[in-house]
Amino acid sequence: MKLTVFYDGQFWIGVVEQKEGEALKAVRYVFRPEPKDDEVLAFVNGPMLSLLHKCRTTTAVPLEMKKRKNPKRLQREAAKEMKTRPLSTYAQTALQLEFEAS
């Protein structure tokens with residue numbers, strides 16, 4: 001499960017992605033002002049799981065082989081991920097399918 005919080009130019013958005021095998025569920029949540037740590041924690045402990053359970057559509061994601069990575073490589077990948085777009089195309093597809101379903 002992965003929670004990404006980012007500013008899209010107008011609102012602070014939280015996107016929750018959950019992988020179950022080859023299926024990916026994604027849910028979008030709009031925070032009003034810039035969320036503080038305790039607000040994000042309240043979201044994680046509160047409505048996040050209920051939103052994921054309400055999600056009915058999934059997107060297929062290819063499985064990746066897990067290998068142990070060097071900690072320095074993990075740091076570089078984390079820094080690179082912080083610079084790139086916040087959502088994967090799979091998450092965008094899952095959000096679009098959920099929007100069309102509702």
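None of the values given here were measured: they were computed from a predicted structure.
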pair [X]-[Y]: side-chain heavy atoms closer than 4.5 Å:
X: Val30; Y: Arg28; answer: yes
X: Ile13; Y: Phe31; answer: no
X: Met1; Y: Leu52; answer: yes

Spacing of [X] atom [atom1] and [Y] atom [atom2] [to the nearest 0.5 Å]:
X: Arg73; Y: Arg68; atom1: CZ; atom2: CZ; answer: 14.0 Å
X: Lys54; Y: Leu49; atom1: NZ; atom2: CG; answer: 12.0 Å
X: Leu24; Y: Glu17; atom1: CG; atom2: CD; answer: 5.5 Å
X: Lys2; Y: Gln18; atom1: NZ; atom2: CD; answer: 14.0 Å

*asked:* Between Glu98 and Lys25, does the side chain to side chain contact (heavy atoms under 4.5 Å, CB included) criterion hold? Intermediate values first, please.
replied: CA-CA 9 Å; Glu98 183 66 26; Lys25 288 183 179 181; over 6 Å; no
*Could you tell me which non-hydrogen atom of Cys55 sits nearest to which non-hydrogen atom of Ala26, and how far apart they are?*
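Nearest pair, atom of Cys55 first, then Ala26: SG-O, 4.1 Å.
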*Considering all heavy atoms, the nearest Pro47-Ala42 contact*: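 Smallest interatomic distance, heavy atoms only, reads CD-O, 3.8 Å.
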*Counting only heavy atoms not in Asn45, do more than 12 fall under 6.0 Å of its CG?*
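Buried by this count: over 12 neighbours within 6.0 Å.
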*All side-chain hydrogen bond (donor to acceptor under 3.5 Å, both in side chains) counterparts of Gln10, not counting sequence neighbours*: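 Testing Gln10 for side-chain hydrogen bond (donor to acceptor under 3.5 Å, both in side chains), a comparison that skips the adjacent residues, returns none.
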*Test Leu3 against every option in Val15, Val27, Val16 by the side chain to side chain contact (heavy atoms under 4.5 Å, CB included) rule and name the one that passes.*
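Testing Leu3 for a side chain to side chain contact (heavy atoms under 4.5 Å, CB included) against Val15, Val27, Val16 leaves exactly one candidate, Val16.
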*With the 4.5 Å side-chain cut-off for hydrophobic clustering, are Met48 and Leu41 part of the same group?*
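Shared cluster, no.
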*Indicate the ring-plane relationship of Tyr29 and Phe43, choosing parallel, tilted or perpendicular according to the 30° and 60° boundaries.*
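Ring orientation, 0 to 90° scale: parallel.
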